[in-house]
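Computed over heavy atoms, backbone and side chain alike; hydrogens, waters and symmetry mates excluded. Along the sequence shown, residues are numbered consecutively beginning with 1.
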Amino acid sequence: MRVRTRPIEGQKPGTSGLRKKTKVFMSEGYLENFVQSVFDATGGAEGKTYVVGGDGRHFNDHAVQVILKMAAANGARRVIVGRGGFLSTPAASHLIRLHRTDGGLILSASHNPGGPDADFGIKFNTANGGPAPEALTEAIHARTLEIDAYHIADEADVEIDRIGEQHIGGMQVSVIDPVADYAALMETIFDFPKIRALFSGGFRMRFDAMCAITGPYAVEILEHRLGAPPGTVVNATPLPDFGGLHPDPNPTWAKVLMDEMMGPDAPDFGAASDGDGDRNMVVGRGIYIAPSDSLAVLAANARLAPGYGGGLRGVARSMPTSTAADRVAAVLGIGSYETPTGWKFFGNLLDSGRVTLCGEESFGTGSDHVREKDGLWAVLLWLNILAERKETVREIMSDHWRRFGRNYYSRHDYEALPANLANRIMEGLRARLPTLPGQCLEGMTVSAADDFAYADPVDGSMSRGQGLRVVFSDGSRIVLRLSGTGTEGATLRLYLERYVAGPDGLDAEVQAALAPVIRTAEALAAIRAITGRPGPDVVT
Ligand code: G1P
Ligand code: ZN
């Protein structure tokens with residue numbers, strides 16, 4: 001059935017797909033226009049195969065049905081869908097690769113809250129399993145501005161709760177167990193018997209699935225296959241509104257877990273993951289691990305896991321992520337890469353074999369096993385390392401800082417700002433950048449200041465305007481950029497970093513260690529002065 005439609009403004013994918021208020025997605029033709037534009041911008045769906053699934057948030061089930069019917073009407077050959085319409089983002093990436101499909105549509109607004117009054121999102125991943133690169137998201141957006149019709153099959157809903165083969169018209173729909181293939185992949189990477197022995201030796205863990213998609217994956221892998229005691233995974237049932245929680249694994253939103261890990265009878269290891277399962281936070285007993293540090297520790301110890309026993313090819317991090325991983329790469333004698341924010345920029349580096357591990361300060365870590373960041377994978381790599389080293393998380397961190405020095409790091413978010421104020425702050429700092437090199441601020445000398453532009457080393461594509469950065473000769477850095485995932489007003493992210501080589505000063509409180517950098521940032525960008533806010537809304 002061909003349905004006439006009109007272009008809808010604002011269907012421009014951001015850092016990670018198209019994210020809007022759920023009600024916007026529920027408005028007439030909104031989802032349909034975007035999905036048709038994805039098909040149109042990728043040469044049509046005729047004869048193609050796709051993976052479809054999402055994090056189960058409100059509207060997920062309906063959206064899955066719409067996509068299945070649209071894929072059928074556009075001539076697709078087969079769609080693989082997770083039972084109930086569920087797939088974590090890394091599991092979807094794996095399935096795209098495993099079945100060599102032409103791509104996949106993932107329904108999620110990641111760590112943004114879900115529900116009729118919260119957020120929804122959709123993302124197209126290409127045949128390598130990774131998020132569509134910028135050139136493609138731009139083509140999709142361009143198509144949304146000229147679309148005049150979409151195709152949808154006038155058929156009954158598919159029974160997505162029943163595993164097995166079904167058909168819509170001539171298109172095959174394969175409903176599969178969302179967990180099985182992913183769990184099997186993890187078994188090929190990690191030493192499950194060794195981790196099992198860790199648990200049977202009394203090692204205690206708490207995994208907070210935040211009422212989101214990783215619950216079933218974590219229960220199957222941690223409790224069923226690795227023998228962690230039942231109840232190790234909490235908030236394990238995915239709910240359409242995440243139980244009213246904010247499914248973002250950071251110290252602010254995973255506060256219950258943080259309190260337990262900092263408390264008197266804390267487990268040995270704690271972890272949480274986000275709405276769609278690609279983010280992770282890891283915590284030791286009494287010690288929080290900053291994501292940038294986690295990436296560095298994983299890079300330094302990855303060879304302890306069988307999947308990385310041959311060593312790493314290289315490491316990549318997003319520009320705002322601390323440079324801790326670069327120090328590890330230098331010692332290991334492997335390449336290190338600095339990319340713009342967003343997982344899509346790692347795709348070419350992974351595909352071309354330049355890097356094995358990548359990470360972002362925003363609680364994202366992953367490797368070449370899929371083309372998305374992967375929350376549970378990071379937790380399993382930590383467990384594998386803990387099982388091999390037989391040390392506590394705190395001992396591993398102290399040892400790491402003694403060897404490599406410590407990159408104190410924090411991100412300060414100013415959320416839901418009026419766009420004009422956020423732009424004024426960005427423009428103000430941008431205008432000052434050329435004058436900064438050579439200046440001495442708080443005893444630190446500016447060695448470089450620019451608006452980060454990235455030339456992809458594989459295909460040469462350029463991405464400009466990726467964040468303002470001020471770099472100091474002692475390794476300190478200030479980075480300022482606007483979020484590309486928010487759905488309300490503008491969110492300003494201020495990233496702060498200070499390097500201490502040691503052996504003294506490795507155990508300071510993070511915000512205190514960063515105080516001179518924080519003061520310098522305010523002197524340069526005047527965020528508090530311009531917004532009138534007393535401080536950031538979220539500190540990670
Ligand atoms: C945020 C994070 C970024 C991550 C993205 C998707 O994007 O900062 O690192 O890749 O979410 O999870 P932002 O809102 O900063 O554009
Ligand atoms: Zn996510």
Side-chain angles (χ1 to χ4, degrees), residues 290 292 296 315-330 335-342 345 360-362 404-414 421-457 460-484 490 492-502 505 510-531 536:
S292 295
V315 182
R317 59 165 177 83
S318 66
M319 184 273 281
T321 303
S322 98
T323 55
D326 303 21
R327 296 179 188 277
V328 175
S336 59
Y337 296 81
E338 184 175 47
T339 61
T341 298
F345 293 101
E360 294 193 275
E361 52 65 40
S362 52
F404 299 99
R406 179 167 180 185
N407 291 76
Y408 285 98
Y409 185 84
S410 182
R411 182 174 108 183
H412 291 189
D413 289 337
Y414 293 80
L421 290 189
N423 289 331
R424 217 167 100 202
I425 294 164
M426 291 295 288
E427 287 318 314
L429 180 59
R430 188 177 283 115
R432 294 180 71 171
L433 292 175
T435 67
L436 295 179
Q439 280 197 34
C440 184
L441 304 157
E442 296 265 349
M444 310 180 299
T445 307
V446 178
S447 55
D450 67 358
D451 189 345
F452 182 56
Y454 178 66
D456 186 297
S461 59
M462 283 297 301
S463 302
R464 295 176 210 281
Q466 298 295 327
L468 310 179
R469 61 176 174 178
V470 182
V471 185
F472 299 87
S473 52
D474 65 355
S476 301
R477 294 195 313 161
I478 293 169
V479 174
L480 194 65
R481 61 179 281 281
L482 289 173
S483 158
L492 197 64
R493 306 208 192 284
L494 171 65
Y495 309 81
L496 305 144
E497 176 174 2
R498 189 175 150 228
Y499 180 65
V500 174
V510 176
Q511 301 302 320
L514 288 169
V517 185
I518 295 171
R519 282 196 298 272
T520 306
E522 181 61 19
L524 290 176
I527 301 175
R528 295 176 197 206
I530 293 175
T531 60

Legend entry - Glu361 to Ser292 - nearest heavy-atom pair and separation: CB-OG, 3.7 Å
Legend entry - Salt bridge present between Asp451 and Arg464 (N-O < 4.0 angstrom): no
Inset, instruction - Check whether any side-chain N or O of Ser476 sits under 3.5 Å from a backbone N or O of Phe472 as a donor-acceptor pair, and report yes or no. - result: no
Inset, instruction - Find out whether Thr323 and Arg317 are in side-chain contact, i.e. whether some heavy atom of one side chain is under 4.5 Å from a heavy atom of the other. - result: yes
Legend entry - Residues, nucleotides or ligands: over 12 heavy atoms within 6.0 Å of Arg424 CZ: no
Legend entry - Between CG on residue Leu468 and CD on residue Glu427, distance to nearest 0.5 Å: 8.0 Å
Inset, instruction - Report yes if the side chains of Arg493 and Tyr414 come closer than 4.5 Å at any heavy-atom pair, otherwise no. - result: no
Inset, instruction - Would you name the heavy atoms of Pro516 and Met444 that are closest together and state the gap between them? - result: O-CE, 4.4 Å
Inset, instruction - May I ask you to test the Leu524-Leu436 pair for a side-chain heavy-atom distance under 4.5 Å? - result: yes
Inset, instruction - Taking Glu497 for its side chain and Ile478 for its backbone only, find out whether a donor-acceptor pair lies under 3.5 Å. - result: no
Legend entry - Heavy-atom donor-acceptor pair, Gln439 side chain to Thr435 backbone, under 3.5 Å: yes
Legend entry - Side-chain donor/acceptor of Arg477 to backbone N/O of Thr321, under 3.5 Å: yes
Inset, instruction - Please check if any side-chain donor atom of Ser410 sits under 3.5 Å from a side-chain acceptor atom of Gln511, or the reverse. - result: yes
Legend entry - Note, Asn423 side chain near Leu482 side chain (heavy atom, < 4.5 Å): yes
Legend entry - Side chains of Met319 and Val479 in contact at under 4.5 Å (non-hydrogen atoms): yes
Legend entry - Cation-pi check, Arg469 onto Tyr495 ring (under 6.0 Å, within 45° of axis): no
